[in-house]
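A short write-up of the structure that comes next.
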Amino acid sequence: MQVRLPDKSLLELPDGASGLVAARSIGPRLAEQAVGVRVDGDLRDLRLPLADGQQIEILTTKNGDDADALTVLRHSAAHLLAEAVRRLYPGVKVAIGPAIANGFYYDFDFPEPIAEEDLAPIEAEIGRELSEGRSWERSEVSREEARQRFVNEDEPYKVELVDEAEGTISLYTQGEFTDLCRGPHLIDSKPIKALKLTGLAGAYWRGDSANKQLTRIYGTAFFSQKDLDAHLERLEEAKRRDHRRLGIQLDLFHFDEHSPGSAFWHPKGMTIFNQLEALRLRENARRGYSEVKTPLIYDKALWVTSGHWEKFRENMFLIPISEEHIYGIKPMNCPGHMLLFGSKLRSYRDLPLRYAEGAPLHRNELAGALHGLTRVRYVTQDDAHIFCSKEQIAAELDGCFEYLRYIYGLFGIEPRAELSTRPENKLGSDDEWDFTEGELRAALDRHSISYALSAGEGSFYGPKIDLHITDVLGRSWQMGTIQLDAQMPARFGLTYVGADNSEHPVFVIHRALLGSFERFIGILLEHTGGDLPLWLAPVQVRVLPVGEGHVEAARSIVDGLRDAGFRVELDDRSESVGKRIRDAELEKVPRLIVYGDKESPEDLAVREHGGAQSHKSLHELVIELTPLVSPPGF
RNA sequence: GCCGGAGUAGCUCAGCUGGUAGAGCAAGCGCCUUGUAAGCGCUAGGUCGUCGGUUCGAGUCCGACCUCCGGCUCCA
């Protein structure tokens, strides 16, 4: 048989030859370094047979930046971890241990809880395994044989996995440890040159909080110590870009234990916030949205009608008013908008009706889930609800997508789309969900947006398209969302009178594009490292008079720029010019003007954040900066 | 909410096995009058997260609670 190599050449192999045999036939050195093989784009174990006509690529220890090569390495490292833990903790039960984005983990059910200080001895035990050397042996067994094996070993989690496994059941054995595993794995442990256990956490069996909580040990591994060091350095850099750190450093916001999960926006942070709000208002006006304001608190009866009482109550702040009355602070704007829509008779001529509201919402997020600006309890969405007829849904979804593309384009951010379908606790019938999910799918296809399917993750009232962006530590956050809802308008009895003079059901598109200002600003800070574009920068220009004698002239430059509409500051502190430049650089002020004997309004010394210097007149500076202080497209 | 870790000055952090707290930066004051990333000096600032316990004595040991950090779950 023949397989095709990356350089397009063909390699002749005996029928059924494995990836390892292929590697050997290319060269012994390659075989020694081989860790896995990519077959027609999919990662496979080196031990598995190849088939005629396949496109193969041997992955080696030299592919230290290849995700698939690292996956093999780390998955094998996870098995070493399990072997070490089983040796050190008799009676421990093993669950699962995959490779993940930047490392691996293994979940255990320990007889006694362990603490972080227990990681060092475990790491040392893995070190011992590595110095002894381990090799992995792959075998395929029948379901019954696998089951019997894990029953004998008293490994209930493995038994459960065997019972649900589909297709071939394969086992991998290294040293004293045999694991149920699809692979692929290393041939032996030599390529694992750097390994570090990085953390300890609780994790529910199968990710379900109704199940037992296991102990997850995280680690990472690399083909070289240098790669591990680089990884740790990247983590340090990520910490420097962390929005929570930048928030303090740039004096944008802070949190206080008296109101966990709710940001205090400082003047400079509020400037950013307000710029986004201005963008929201201008773009909404341009696209036929109507701004509204609806109440923050509502009687329980409203939440019962909307379904929130049943489906969302544990996330709501409730205010008991009397024996009979409980008020709930709104976690979403939709019910209020439903009341607004229903406040009078609506004609088909009124539709689509697009209500927008940038209101504060409160959600009682789990204490352990709070995270800087990216997960807060006091959240401000760039929210809107589009009330439309069935026939208008497609066009309105198109409008949302076009809007989305515009907004994210402004920031140069490309979010990943995800379609979330009917959840277990849904309202309404499957037929209704078939329809709404189909509309969203069709809209995604019309706009050629590739998306991941997230089955069962929809809102209780409708399916949604979510946009995700990762933060500086690689965590994924949901930003914008577009949801199609037939349930809530029906529960509120919303209808419109059609041209045929009869009542028709109303559909609602819930949409937030940035998602929330809080989360968006958090992510934006991390993506920019705090170097915001001029239109968002809290201070756009700072003027530094060189000496006391220059203060007055500098002040008139400040006034001139302020009159021209810029956010400008005078720094006339009795500090050296060098010190004041340093402070401005640390605060990431986009433009500095140093004003001394050599300058005049006709000849300003302008420094850009980062150090580039130039000379220009005040007028030229105004001309240069004016287009930069509005979001692009204005 | 759950698992693990942490909470010392505005910020970043030091304080060994218990003997009532310290640095740098920031702040205030003074001197310097500054030329593209830190001029010099002085001063002030902390009920060591909160409450309780052990002890002659607790920042340090124990318990509960609060908050934060890393995960899990959940979500914009």
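Keep in mind that this is a model prediction, so the values were computed, not measured. Just so we're on the same page: letters track the sequence lines, and every chain starts at 1. Atoms considered below: every heavy atom in the structure, side chains included; atoms not considered: hydrogens, waters and symmetry mates.
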field: base_contact_polar (rG1(B) base, Tyr204(A) side chain, donor-acceptor, <3.5 Å)
entry: yes

message: Using the rule salt bridge (Lys or Arg N to Asp or Glu O under 4.0 Å), only one of Glu569(A), Glu585(A), Glu624(A) pairs with Arg591(A); which is it?
response: Glu624(A)

task: Among rU34(B), rC72(B), rA26(B), find the nucleotide with the atom closest to the side chain of Lys579(A).
output: rA26(B)

field: Salt bridge present between Asp603(A) and Lys598(A) (N-O < 4.0 angstrom)
entry: no

task: Answer yes or no: is there an ion pair linking Asp107(A) with Arg216(A), defined by an N-O contact shorter than 4.0 Å?
output: yes

- prompt: When rounded to the nearest Å, what value does the distance between C1' atoms of rG7(B) and rG49(B) take?
  reply: 6 Å

query: Taking all atoms of both residues into account, what is the closest heavy-atom pair of Ser306(A) and Leu427(A), and its distance?
result: O-CD1, 4.1 Å

- request: Would you please confirm or rule out a distance under 4.0 Å between OP1 or OP2 of rA37(B) and any side-chain N or O of Arg607(A)?
  value: yes

task: May I ask you to check whether Tyr355(A) and Phe387(A) place their ring centers less than 6.0 Å from one another?
output: yes

- prompt: Which part of the nucleic acid, if any, lies within contact of Ser209(A), taking any heavy atom under 4.0 Å across all strands shown: a base, the sugar-phosphate backbone alone, or nothing?
  reply: sugar-phosphate

- prompt: Given the P atoms of rU50(B) and rU67(B), what is the spacing between them in whole Å?
  reply: 15 Å

query: If you count the non-hydrogen atoms of other residues, nucleotides and ligands that lie under 6.0 Å from CD in Glu112(A), is the total more than 12?
result: no

message: Using the C1' atom as the point on both nucleotides, what is the distance between rA23(B) and rG19(B), in whole Å?
response: 22 Å

- prompt: By a strict heavy-atom criterion of less than 4.0 Å, which residues belonging to residues 356-373 of chain A are in contact with RNA chain B?
  reply: Arg363(A), Glu365(A), Leu366(A), Ala367(A), Gly368(A), Ala369(A), Leu370(A), His371(A), Gly372(A)

query: Met316(A) and Ile329(A): which non-hydrogen atoms are nearest, and at how many Å?
result: CE-O, 4.0 Å

- prompt: Does Arg475(A) pair with Glu526(A) as a salt bridge, N-O distance under 4.0 Å?
  reply: no

- request: Rounded to whole angstrom, note down the C1' distance from rC29(B) over to rC66(B).
  value: 38 Å

- prompt: When you match Val606(A) and Ser476(A) each to their closest nucleotide on RNA chain B, which lands nearer the 5' end?
  reply: Val606(A)

- prompt: Among rU36(B), rC75(B), rU34(B), which nucleotide sits nearest the side chain of Arg580(A)?
  reply: rU34(B)

task: Check every strand shown and say whether Gly549(A) touches a base, only sugar-phosphate, or nothing at a heavy-atom separation below 4.0 Å.
output: nothing

message: Applying a 4.0 Å non-hydrogen cut-off, can you work out what Ala201(A) is touching in the nucleic acid: base, sugar-phosphate, or nothing?
response: base

Hey, what are the protein-to-nucleotides 27-32 of chain B N/O distances that come in under 3.5 Å?
residue	atom	partner	partner atom	Å
rC32(B)	N3	Ser574(A)	OG	3.2
rC32(B)	N4	Ser574(A)	OG	2.4

- prompt: Does the distance from a Lys or Arg side-chain N to an Asp or Glu carboxylate O, for Arg555(A) and Asp572(A), drop under 4.0 Å?
  reply: yes

- request: Compare the minimum distances between each of rG4(B), rA37(B), rC75(B) and the side chain of Arg375(A), then state the nucleotide with the smallest one.
  value: rC75(B)

query: Any idea which of rG4(B), rU34(B), rC75(B) is nearest the Arg519(A) side chain?
result: rC75(B)

- prompt: Is Ser576(A) near enough to rU34(B) that one of its side-chain N or O atoms lies under 4.0 angstrom from OP1 or OP2?
  reply: no

message: Do the side chains of Arg405(A) and Glu414(A) get close enough for a salt bridge, i.e. N-O under 4.0 angstrom?
response: no

- prompt: Between Glu233(A) and Arg240(A), is there a side-chain N and carboxylate O pair less than 4.0 Å apart?
  reply: yes

field: Gap in Å between the two P atoms, one belonging to rG70(B) and one to rU34(B), rounded
entry: 48 Å

- request: Before giving the answer on side-chain hydrogen bond (donor to acceptor under 3.5 Å, both in side chains), spell out for Thr380(A) and Glu518(A) the whole-Å C-alpha distance, their side-chain angles and the decisive distance to 0.1 Å.
  value: CA-CA 7 Å; Thr380(A) 319; Glu518(A) 289 82 4; 2.7 Å; yes

- prompt: Would you write out the dot-bracket form of RNA chain B, 5' to 3', with Watson-Crick and G-U pairs under 3.5 Å, [ ] for crossing pairs, | for pairs to other strands and . for unpaired bases?
  reply: (((((((..((((.....[..)))).(((((.......))))).....(((((..]....))))))))))))....

task: Using the closest heavy atom to pick a nucleotide of RNA chain B for each, name whichever of Leu586(A) or Met332(A) lands nearer the 5' end.
output: Leu586(A)

query: When you compare rU73(B) with rU17(B), how far apart are their P atoms, in angstrom units rounded to a whole number?
result: 37 Å

query: In whole Å, what separates the P atom of rG52(B) from that of rC16(B)?
result: 25 Å

message: Rounding to an integer number of angstrom, what distance separates rC42(B) and rG10(B) when you compare their P atoms?
response: 22 Å

message: Using a strict threshold of under 4.0 Å (side-chain N to carboxylate O), is an ion pair present between Arg287(A) and Glu402(A)?
response: yes

message: Classify Glu608(A) by what it touches in the nucleic acid, base, sugar-phosphate, or nothing, heavy-atom distance under 4.0 Å.
response: nothing

statement: With the side chain defined as heavy atoms from C-beta on, Glu257(A) is closest, among rG4(B), rU67(B), rC25(B), to rU67(B)

- request: Give one of base, sugar-phosphate or nothing for Gln613(A), where a contact means two heavy atoms less than 4.0 Å apart.
  value: base

